[in-house]
Structures are given as C-alpha cells and as structure tokens.
Trainee: 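Before we start, here is the structure in question, set down as structure tokens.
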Number of protein chains: 2
Amino acid sequence: MIARPTLIDVAKAADVHASTASRALNPETRGVVSDTTVARVLAAAKELGYRPHPLARGLRTDTTLTVGIVVPDLENPLFPPLVRGAEAALGVEGYTLLIGNTDNEQEHTEAVISTLVDRRVDGLILATAELGSGVAAAVQSEGIDVVLVNRESTDGSVPAIIGDDHIGIGMAVDHLVELGHSAIGHVAGPPVLSTGLGRCKAFKAHLARHGLSVDGRIEVADWFQVAPGARATSDLVSRNPELTAIVAGNDLLALGALRALNDAGVSVPGDMSLTGYNDMPFVDLVQPPLTTVGLPYREMGTMAAQTLLALMRGEGVEPHVTRLRPALRVRASTESPR
Amino acid sequence: MIARPTLIDVAKAADVHASTASRALNPETRGVVSDTTVARVLAAAKELGYRPHPLARGLRTDTTLTVGIVVPDLENPLFPPLVRGAEAALGVEGYTLLIGNTDNEQEHTEAVISTLVDRRVDGLILATAELGSGVAAAVQSEGIDVVLVNRESTDGSVPAIIGDDHIGIGMAVDHLVELGHSAIGHVAGPPVLSTGLGRCKAFKAHLARHGLSVDGRIEVADWFQVAPGARATSDLVSRNPELTAIVAGNDLLALGALRALNDAGVSVPGDMSLTGYNDMPFVDLVQPPLTTVGLPYREMGTMAAQTLLALMRGEGVEPHVTRLRPALRVRASTESPR
DNA sequence: CGGTTTTCTGCAAACGATTGCGCAAATGGT
DNA sequence: ACCATTTGCGCAATCGTTTGCAGAAAACCG
C-alpha cells in the first residue's frame with residue numbers, strides 16, 4: 001500500500017511549481033505553459049503514474065464527475081438497459097454513475113435522492129414513476145441538473161425522455177385490426193402510473209379511430225404484475241365472451257393474461273390474440289412467443305445521459321420532452337380471428 | 001441555488017469554533033465536548049439544515065463512503081438482485097454504490113476497475129467472471145478491500161461469496177433420478193467460466209455417485225446463451241437418442257434446449273425432462289414452467305456487502321470462501337419417464 | 001535602445017472538513 | 001488553600017487540487 005503520487009510529487013520531479021504542473025496537466029489551461037515545460041510535466045506525470053485525486057479536485061471545483069440515477073426497481077428488466085445506456089454515454093465523458101433504488105416507495109425515493117444530492121452529484125437522472133412534483137424543482141435549486149426518463153413532469157418544466165405510448169398502442173391496435181379483429185379488449189395498468197393511464201387513453205383513442213367499441217372492454221389491473229394481469233383478464237373475458245383479441249398494458253400483464261387464458265382453456269392465438277408492451281427480455285421465449293411493442297430502453301438511457309451532459313455544460317435543451325418511437329414486434333401470439 | 005451551509009456557518013451560529021462543532025457533530029468524538037455545547041451545535045446544525053460536504057471530509061480522512069461493484073452485464077438478470085442486495089446492506093452504513101459494467105471484456109474490466117480505484121472507493125465487489133488474477137491483488141495493494149461474488153479466486157486469497165454448484169447440480173440430478181431417469185445428458189456452459197466448468201464436473205461426479213454413465217452425454221455450449229444452448233441440445237439428442245432427461249448448465253441454455261426440443265418435435269416433459277440453473281426471473285412463465293435450481297442472489301449481494309464492511313472496519317474475515325446453499329424449484333419441465 | 005506588451009511561472013489563498021497539540025478553566029484531593 | 005489532574009475548547013496544520021494575481025523574463029516595436 002504505497003502512497004499514490006500527488007501533484008506536488010509530479011511538480012518536484014519536473015522541477016516546477018505545483019500550479020504550473022496543474023496547468024500543464026489540464027488541456028484547458030495548457031496553452032499558458034511553455035511547450036517544453038508541458039512536455040517535462042507530462043513526462044514526469046507518466047513516469048510516476050500520477051492520477052489526480054478526485055476529491056481534492058472536486059472540493060476545489062465543486063464538481064464530482066458523478067451523476068445519480070434513481071430507478072424504482074433494478075430488478076424490473078426495463079431498467080438495466082436504461083442504466084447501461086446512461087452509463088455508457090456518461091462514461092466517455094468521465095462521469096460515473098451512482099445508482100439508487102426506491103422500491104417504488106415515495107418516502108424511500110426522497111431519501112435516496114437526498115443522499116445523492118448530499119454527495120454532490122453533478123446531475124440526476126430520475127426514472128421513478130411516482131414523485132412529488134416538487135422534488136425535481138428542489139434538486140434543481142441546489143444547482144443540480146435533472147432529466148426524467150420513462151416519465152414526464154406534469155408541467156413539462158423538466159426535460160424528459162419517454163417512449164411514445166400513443167404511437168405504440170396504436171401499432172398494436174392497428175396490427176390487430178389488420179388481422180381482422182374488431183372485438184378487442186384492454187387489460188390496463190394502474191391509472192396512478194402515467195404509463196398505465198396513458199396507454200389506456202391511447203387504447204380508447206385508437207379504437208375510436210377505427211370506429212370500434214370499448215364499452216366494458218377495459219379492465220384495470222391493480223399493479224403491473226402477472227397475478228393482477230391474470231385476475232383482470234379472467235374478469236374481462238367472462239364479461240365479454242365475444243372478444244377475439246386483448247391488448248395488455250405491459251408484458252407482465254400479458255403473461256398474466258396468457259396464464260389466465262390457458263387456465264380457462266382458451267388457446268392463444270387460436271381463440272384469442274394477445275399483445276404485450278415493452279418487449280421485455282425473454283417474452284420471445286414463452287409459448288406462444290409474445291407479440292409486443294418494443295421501446296428502445298437502452299437508447300432512452302443514452303439520450304437521457306446526453307441531455308444531462310448538455311445541461312451540465314450549460315447548453316439549453318430543446319425540445320424539453322423527447323418521445324422515442326416504439327417498434328412493433330410481431331410474434332406468434334396474434335393471428336387472424338377464426 | 002443558495003449555497004449550502006458549511007461547518008463554519010454552524011460553528012458561528014452555535015458560537016463555537018469549527019473544530020468544536022466538528023467534534024460535537026461526530027458521535028465518535030462527541031464525548032470530549034460538554035453536553036450543553038453539543039446540544040447548541042446540534043440545534044444550530046439542524047436549524048441551518050447542515051449536511052457535511054463529503055468531498056471535504058473524504059479529502060481529510062481519505063475515505064469516500066463509496067463502494068464499487070463490477071458486474072459483467074447488468075442486463076443479465078442474475079446481477080440486479082445481487083446489486084440490490086449489496087446496495088441495501090451498504091446503504092444502512094452510509095455507503096453508496098458505484099456500478100461498473102465490463103461487457104465481459106477483459107480489457108474493459110481493467111479499465112472499469114481502475115476508474116473505480118482512481119475514484120478512491122473504499123471497497124470493491126467483483127462479480128466478473130474472468131479476471132487476470134493479479135487484478136485483485138493490485139487493488140488490494142492500493143489499500144482497497146475486495147470481495148468476490150459468484151466467483152472464487154484461484155488461490156483463495158480473496159474472500160468470496162458463491163453458490164454451491166456441486167450441491168445445486170446434485171439436487172437436479174437427484175430429482176431426476178428419483179423420478180426414475182437413468183439416461184441423463186448435460187448441456188454444459190463454456191469451460192472458460194468457472195461456473196461452466198464447475199457445474200460440468202459436478203454433473204459427472206453426481207452421475208458417478210448414482211452409478212450412471214456420462215459417456216458422450218455431455219455437450220458444451222460456447223456461451224451461456226439461448227442459441228448456443230439450442231445448438232448443443234440438437235447435437236446432444238441426435239447423438240444420444242436414448243436420453244430421457246437433460247440437465248442444462250443454466251436457464252438460458254435450458255431455454256435454448258426447450259426451443260430445440262420443440263423444433264424437433266420432442267415434447268417436454270413428456271418425451272424429455274429438462275432442468276435449468278439459476279431460477280432466473282420469468283422462467284416460471286415459459287411453457288412448461290422450468291424446473292431449476294435457485295441461488296439466493298440477493299442474499300449473495302448482501303453477504304458480499306457485509307463481508308466487505310467487516311473488512312473495511314479492519315475485522316478479519318473467516319472463512320474466506322462462503323458457499324450459499326441453493327434450492328431446487330420443481331416445476332413442470334420434469335416428470336417420470338414413460 | 002527604451003519602453004511596452006506578451007509569455008511564462010510562482011505565490012498564496014481558497015474549497016470544507018478533521019485532528020494533534022496546547023492552554024485555560026474547572027475539578028479533585030489532602 | 002495549594003497543587004495535580006481532568007475537562008472543554010480553540011489554534012492551526014493538513015488533505016490535493018485549482019486559480020486570481022503579480023512579478024520576472026522574454027519578445028516586440030518604432
């Protein structure tokens with residue numbers, strides 16, 4: 001455990017003052033130092049294996065070269081790609097990611113965010129679903145830039161990167177209509193989440209566009225999970241035996257639907273077509289492989305990171321809300337009605 | 001963006017010197033300050049909303065209260081629970097996690113580790129599969145404690161938390177034998193990974209224990225992925241048509257096997273029983289739900305964190321290698337042979 | 001060649017905390 | 001009442017950088 005060389009060691013080795021060494025090492029200020037001393041300092045630094053101490057630098061410059069990312073649940077397969085995308089984009093600029101899980105709890109969310117703020121992250125990426133709207137503003141008032149991902153702020157004051165659910169649901173609906181379906185139901189996610197509510201609204205709008213009825217054909221699941229999806233599906237089909245297709249609010253709900261339909265002896269896609277949403281990993285491996293709508297989560301992460309980088313550089317960001325285009329993934333859980 | 005209060009602000013408000021305020025705020029040194037001043041300082045700190053500056057403190061004390069965790073691929077569903085477990089355990093002690101992805105590349109791994117070391121993490125959790133063995137030693141020589149997880153060091157010099165694959169594979173084999181199988185094959189993971197090799201060895205040992213033959217009944221997949229698993233399974237069954245059961249080296253390989261068997265018109269579990277390994281999320285949702293062996297990944301994460309905390313506190317850690325007991329999850333992909 | 005500008009480098013003060021040391025006051029013992 | 005001890009607190013140095021300021025040396029200009 002030998003001590004690391006400090007800037008002063010480098011300066012001594014190059015026979016200059018620490019301040020000169022600092023300037024020579026920093027590309028920004030290198031211009032004011034003569035070429036020969038720059039070379040000497042660089043050589044000395046290399047020779048000694050000098051690495052600047054991030055804490056000392058941060059203390060002086062009030063930057064940490066870290067950004068925090070807050071996700072509701074890292075075990076939800078949506079978020080790892082998002083985190084990785086962000087990590088990759090930030091890494092090339094020298095930033096490192098601090099992660100925080102909120103377990104979908106409001107209280108925990110605020111605790112996590114304040115830890116990150118206390119650690120003086122330079123920026124914050126929030127992927128949490130529910131949030132007192134004041135939190136983002138509070139963070140910004142500390143001088144920390146914020147970007148939302150997979151969620152938009154109610155007043156649009158915070159830049160956000162989100163998937164375009166209206167288009168995405170439209171893709172699923174159009175696909176089913178093209179196959180010839182007209183009695184289409186919807187297993188909706190919880191309306192307290194913007195994704196749950198937004199997709200449900202989109203479903204209604206698109207059915208209306210096709211002149212199809214939604215009366216009583218929407219059943220809300222309490223949570224984006226398999227079991228609530230199964231429960232909601234049972235209710236939905238027992239109430240609407242005429243249905244030939246179901247659009248689920250996300251893949252987990254679709255998997256629940258699949259289970260419920262199997263249990264009820266309804267074959268998919270023979271008796272009932274089914275679409276999911278998100279294109280979660282491995283939904284291509286269930287039987288039948290699920291037709292779903294894929295969102296570019298990794299790209300959302302990189303875009304959030306890039307937006308944040310722009311903000312931190314002090315550049316203005318336009319437009320505030322970026323909607324990424326989803327893609328329909330047609331697999332085997334949908335076919336024309338009998 | 002109002003400036004945060006510093007220790008000096010608190011000291012002034014409490015009408016004491018900064019050093020006194022520091023001692024009053026730190027539970028360790030609080031004893032040397034009189035009770036009345038402690039109360040005054042605490043009140044002032046609360047009043048002003050004082051939060052210590054982590055960089056300033058870190059610079060002085062040479063600690064960052066951060067721990068790095070290096071994983072090969074956060075999108076692999078094994079790792080998020082591990083990360084979360086570690087995060088939860090570290091969080092209660094005030095530590096924050098820095099994450100690093102290596103993309104399974106040796107070069108990238110070293111780069112990631114050195115960024116974390118440069119950032120002066122207090123400890124490091126390594127979940128990377130392949131690693132020049134010198135790396136851990138190099139990190140330790142910088143005064144940074146290291147714990148391995150899901151991997152053990154060749155010389156056992158670094159504490160490690162791993163699943164007990166010998167027992168786990170034994171559980172799968174015993175289960176199949178109890179069902180009446182005797183012609184059992186193995187789709188093995190890549191032998192360059194300790195998990196691939198170890199499980200294959202365990203498979204041989206357990207078959208031998210039951211007096212069963214393994215001749216030609218092992219096929220190696222190039223990588224722990226679905227496609228290689230399918231390829232290896234095709235080869236395996238075409239070479240050994242007598243097989244009635246297959247033990248796959250992990251769940252992804254099992255899913256590949258499932259696909260290959262489906263394509264070949266072999267029904268699971270009717271014609272062929274199949275076990276996976278890891279109990280990945282959602283493998284209970286494929287058709288048929290996969291019988292597999294579950295490892296407590298989240299607990300591995302928390303144990304790694306606790307071990308690391310002990311190391312950082314300067315406590316000795318015994319034993320060096322902790323093997324966690326897996327659990328068999330019997331689902332529908334296994335049944336007695338016809 | 002004198003004076004002005006430019007170029008380079010060093011000095012020292014930050015950034016915000018922690019901590020060894022020493023001094024005063026308070027306490028205790030006889 | 002006097003000395004020894006303890007207690008409580010302030011002083012100042014320190015961690016490793018960055019950066020405004022100033023001064024010396026060099027370059028330039030007419």
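Atoms considered below: every heavy atom in the structure, side chains included; atoms not considered: hydrogens, waters and symmetry mates. Lettering of chains follows the sequences in order, A, B, ..., and the numbering in each one begins at 1. Computed from a predicted structure; not experimentally measured.
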Trainee: Nearest whole angstrom, please: distance from the C1' of dT17(D) to the CZ of R23(A).
Mentor: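 In whole Å, dT17(D) C1' and R23(A) CZ are 12 Å from each other.
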
Trainee: So P54(B), base contact, sugar-phosphate only, or nothing? Heavy-atom distance under 4.0 Å.
Mentor: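 Nothing, no heavy atom under 4.0 Å.
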
Trainee: How long is the line joining CG of L7(B) and P of dC15(C), in whole Å?
Mentor: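 Computing the L7(B):CG to dC15(C):P distance gives 13 Å.
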
Trainee: Is it true that the side chains of R119(A) and T96(B) contain a donor and an acceptor less than 3.5 Å apart?
Mentor: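 Note: R119(A) and T96(B) side chains meet the donor-acceptor criterion.
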
Trainee: Without swapping roles, check the side chain of R40(A) against the backbone of A14(A) for a donor-acceptor pair under 3.5 Å.
Mentor: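 Side chain of R40(A) to backbone of A14(A): a pair is present.
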
Trainee: Name the residue from V83(B), T66(B), V121(B) that meets the side chain to side chain contact (heavy atoms under 4.5 Å, CB included) definition with L97(B).
Mentor: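 Of the listed residues V83(B), T66(B), V121(B), the side chain to side chain contact (heavy atoms under 4.5 Å, CB included) partner of L97(B) is V83(B).
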
Trainee: Return the nearest nucleotide to the side chain of T20(A); candidates are dA17(C), dT9(C), dT17(D).
Mentor: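 Within the option list, the nearest is dT9(C).
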
Trainee: For L48(A) and dG16(D), what is the distance between atoms CG and C1' respectively, to the nearest whole Å?
Mentor: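 Taking CG of L48(A) and C1' of dG16(D), I get 15 Å after rounding.
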
Trainee: Are any of the side-chain nitrogens in D118(B) or R4(A) under 4.0 Å away from the carboxylate oxygens of its partner?
Mentor: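 Here D118(B) pairs with R4(A) in a salt bridge, since their nearest N and O are under 4.0 Å apart.
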
Trainee: Where is the tightest heavy-atom contact between L42(A) and A24(A), given as atom of each residue plus distance?
Mentor: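 That would be CD1-O, 3.9 Å.
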
Trainee: With a 4.0 Å heavy-atom cut-off, tell me which residues in residues 24-34 of chain A come close to DNA chain D, sorted by residue number.
Mentor: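 Close to the strand, none.
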
Trainee: Base, sugar-phosphate, or nothing: which does R51(A) touch, judged by heavy atoms less than 4.0 Å apart?
Mentor: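 It contacts sugar-phosphate atoms only.
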
Trainee: Ignoring backbone atoms, establish whether Y50(B) has a side-chain N or O less than 4.0 Å from OP1 or OP2 of dG16(C).
Mentor: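 Checking dG16(C) against Y50(B), no side-chain N or O comes under 4.0 Å of OP1 or OP2.
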
Trainee: Between T6(B) and dC15(C), does any side-chain N or O lie under 4.0 Å from OP1 or OP2?
Mentor: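 For dC15(C), neither OP1 nor OP2 has a side-chain N or O of T6(B) closer than 4.0 Å.
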
Trainee: Under 4.0 Å between a Lys/Arg side-chain N and an Asp/Glu carboxylate O for E75(B) and R298(A)?
Mentor: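 Salt bridge flag = yes for R298(A) with E75(B).
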
Trainee: Under 3.5 Å, is there a donor on one side chain and an acceptor on the other for S22(A) and S19(A)?
Mentor: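 No.
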
Trainee: Hey, is the side chain of T37(B) poking within less than 4.0 Å of OP1 or OP2 on dC9(D), counting only N and O atoms?
Mentor: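 True: T37(B) side-chain N/O within range (under 4.0 Å) of dC9(D) OP1/OP2.
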
Trainee: May I ask you to say what S22(A) touches in the nucleic acid, namely base, sugar-phosphate or nothing, with a heavy-atom cut-off under 4.0 Å?
Mentor: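 Counting heavy atoms under 4.0 Å across all strands, the contact made by S22(A) includes a base.
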
Trainee: Given dG20(C), dC11(C), dT17(D), which nucleotide is nearest the side-chain atoms of I8(A)?
Mentor: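 Of the candidates, dT17(D) comes closest.
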
Trainee: At a cut-off of 3.5 Å, list every protein nitrogen or oxygen paired with a nitrogen or oxygen from nucleotides 12-14 of chain C, distance to 0.1 Å.
Mentor:
from	atom 1	to	atom 2	distance (Å)
dA14(C)	N3	R60(A)	NH1	3.3

Trainee: Distance check needed: dT19(D) P versus D62(A) CG, whole Å only.
Mentor: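 For the pair D62(A) CG and dT19(D) P, the rounded distance is 12 Å.
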
Trainee: Are the side chains of D122(A) and D145(A) in touch, meaning some heavy atoms are under 4.5 Å apart?
Mentor: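 SC-SC contact between D122(A) and D145(A) ruled out.
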
Trainee: Would you say D9(B)'s side chain and T6(B)'s backbone share a donor-acceptor pair under 3.5 angstrom?
Mentor: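 Between the backbone of T6(B) and the side chain of D9(B) there is a qualifying donor-acceptor contact (under 3.5 Å).
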
Trainee: Calculate the interatomic distance between L55(B) atom CG and dC15(D) atom P; express it in whole Å.
Mentor: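 My rounded result for the distance is 17 Å.
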
Trainee: Determine whether T322(A) and T307(A) make a side-chain contact, defined as any pair of heavy atoms from C-beta on separated by less than 4.5 Å.
Mentor: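 Side chain of T322(A) against side chain of T307(A), heavy atoms only: no contact under 4.5 Å found.
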
Trainee: Quick one: R4(A) CZ to dC15(D) C1', roughly how many Å, whole number?
Mentor: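 After rounding, the gap between these two atoms is 15 Å.
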
Trainee: Nearest to the side chain of H53(A), which nucleotide is it out of dG10(D), dG16(D), dG16(C)?
Mentor: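 From the listed options, dG16(D) comes nearest.
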
Trainee: Quick one: D118(A) CG to dG16(C) C1', roughly how many Å, whole number?
Mentor: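 Going from CG in D118(A) over to C1' in dG16(C) covers 14 Å.
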
Trainee: What is the distance, to the nearest angstrom, from the CG atom on D15(A) to the C1' atom on dG10(C)?
Mentor: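 Distance, rounded to whole Å: 12 Å.
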
Trainee: For A56(A) and V16(B), take the nucleotide of DNA chain D holding the closest heavy atom to each; which residue's nucleotide lies nearer the 5' end?
Mentor: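 First, find each residue's nearest nucleotide; the 5'-ward one identifies V16(B).
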
